[in-house]
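Remarks on the structure that follows.
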Amino acid sequence: MDTLSNISDTSYEIPLSEADQTALRPALLHDLGAMPFESGALISRSLWVIFIGEWGVWTRAVLPVDDRLDMPDRKSITGLCALVGSLMSPPLCHDDEKAMIVLRRPGSAEISEADAYIFRLVRQAAIGRDTAPWTFHVVGPDGIREVTEHEASQDTAG
């Protein structure tokens, strides 16, 4: 069963309208951020590739990153982000779907230098590919933040 199968208590009818898809995004992010982190787990930071389209929600991949909140291992995260870039491309997605790339981690909802770095690597992996439209979010127990190119570049300047 998909981890996000029991999204809140709202029911949606298939096919999902654009309004339903728009309403589902924050509900998914909230539920994902509210999932508990196990104490002592080997992996606490993960990248999720989720698609939303008129036929529902699919968790395409959950990729373990590491158990830290600082800068990830460059070689490992570059490979994971390249995989994320390939998962956002046809034939793994349909024309009407939108992707959410979610960095799930414990800690503050503020976007860290490491979060911005991971976003930039995903963005770089998507360049030159025919990807679904996508957004990048950081979620955890303290909240949800969308990371944009503007925020990621501010992080490196500040």
Side-chain angles (χ1 to χ4, degrees), residues 1-73 76-89 92-94 97-123 125-126 131-148 151-152 155:
M1 177 182 269
D2 191 320
T3 307
L4 300 175
S5 294
N6 300 320
I7 302 163
S8 301
D9 291 334
T10 309
S11 68
Y12 298 93
E13 291 193 27
I14 301 292
L16 295 173
S17 67
E18 279 293 326
D20 286 344
Q21 292 174 50
T22 299
L24 251 170
R25 286 182 189 90
L28 282 166
L29 293 167
H30 174 270
D31 288 356
L32 191 54
M35 289 172 36
F37 288 91
E38 293 183 32
S39 178
L42 294 176
I43 301 295
S44 60
R45 187 164 53 174
S46 55
L47 273 170
W48 295 60
V49 181
I50 302 168
F51 287 99
I52 300 176
E54 72 176 309
W55 300 110
V57 177
W58 297 269
T59 304
R60 179 67 63 197
V62 179
L63 305 169
V65 177
D66 55 28
D67 66 344
R68 321 176 328 197
L69 293 178
D70 59 350
M71 292 301 276
D73 175 72
S76 294
I77 196 64
T78 300
L80 285 176
C81 291
L83 179 57
V84 168
S86 71
L87 291 171
M88 292 189 293
S89 304
L92 298 175
C93 63
H94 299 99
E97 294 176 345
K98 294 182 179 136
M100 289 193 313
I101 310 308
V102 182
L103 178 62
R104 182 176 179 272
R105 58 152 177 78
S108 164
E110 294 302 311
I111 298 166
S112 70
E113 182 181 342
D115 300 336
Y117 177 71
I118 293 169
F119 165 78
R120 289 190 301 272
L121 287 175
V122 169
R123 187 183 64 206
T131 66
W134 61 279
T135 55
F136 188 96
H137 302 268
V138 174
V139 302
D142 290 345
I144 302 163
R145 291 286 303 267
E146 181 173 352
V147 182
T148 64
E151 286 179 303
D155 183 70

For a side chain to side chain contact (heavy atoms under 4.5 Å, CB included) check, start with the C-alpha distance between Ile101 and Thr135, then their side-chain angles and the critical distance, and finish with the verdict. CA-CA 6 Å; Ile101 310 308; Thr135 55; over 6 Å; no

Go through it in stages, so that I can follow the logic: the residues are His137 and Arg25, the test is side chain to side chain contact (heavy atoms under 4.5 Å, CB included), and I'd like the CA-CA distance, side-chain angles, deciding distance and then a yes or no. CA-CA 11 Å; His137 302 268; Arg25 286 182 189 90; over 6 Å; no

Is there a side chain to side chain contact (heavy atoms under 4.5 Å, CB included) between Ile118 and Arg45? Walk through the geometry before answering. CA-CA 11 Å; Ile118 293 169; Arg45 187 164 53 174; 4.2 Å; yes

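Partners of Arg145 according to the side chain to side chain donor-acceptor pair (under 3.5 Å) rule, which considers only residues two or more places apart in sequence or in another chain, are Glu110, Glu151. Here Glu54 pairs with nothing under the side chain to side chain donor-acceptor pair (under 3.5 Å) rule; sequence neighbours left out. Not a single side chain to side chain donor-acceptor pair (under 3.5 Å) links Asp142 to another residue, sequence neighbours left out.
Shown here is Leu42, whose CG atom has no more than 12 heavy atoms of other residues, nucleotides or ligands within 6.0 Å.
Of all the heavy atoms in Gly53 and Trp58, the pair that sits closest is N-CZ3, 4.0 Å. Smallest separation of non-hydrogen atoms from Ile111 and Ala116: CG2-N, 4.2 Å. Between Ile43 and Val65, the shortest heavy-atom distance links the atoms CG2-N, 4.0 Å. When all heavy atoms of Pro106 and Ser44 are compared, the pair lying nearest together is CD-O, 3.4 Å. Residue Leu47 comes nearest to Cys81 through the heavy atom pair CD1-SG, 4.4 Å, listed as atom of the first residue, atom of the second, then distance. Ala125 approaches Ala82 most closely through the heavy-atom pair CB-CA, 3.8 Å.
Contact annotation: the side chain of Asp66 never approaches that of Asp73 to less than 4.5 Å [non-hydrogen atoms, C-beta and beyond]. A heavy-atom distance below 4.5 Å is found between the side chains of Val122 and Met88.
Although no hydrogens or angles enter the test, the distance criterion places no donor-acceptor pair under 3.5 Å between the side chain of Arg105 and the main chain of Asp115. Remark: the backbone N or O of Ala132 is not paired with any side-chain donor or acceptor of Glu97 at under 3.5 angstrom. At least one donor-acceptor pair closer than 3.5 Å links the side chain of Arg104 to the backbone N or O of Leu32.
Of the residues listed (Val139, Leu28, Thr59), the one engaging Met100 in a side chain to side chain contact (heavy atoms under 4.5 Å, CB included) is Leu28, and it is the only one.
Interatomic distance, Trp134 CH2 to Ile50 CD1, rounded to the nearest 0.5 Å: 14.0 Å. With values rounded to the nearest 0.5 angstrom, Phe51 atom CZ is found 13.0 Å from Gln21 atom CD. Atom-to-atom distance recorded for Leu63:CG and Ser76:OG is 12.0 Å, nearest 0.5 angstrom. For the atom pair CG of Asp67 and OG of Ser46, the computed distance is 12.0 Å after rounding to the nearest 0.5 Å.
Taking the six-membered ring where tryptophan is involved, the planes of Phe136 and Phe119 are perpendicular, since the angle between them exceeds 60° and thus also 30°.
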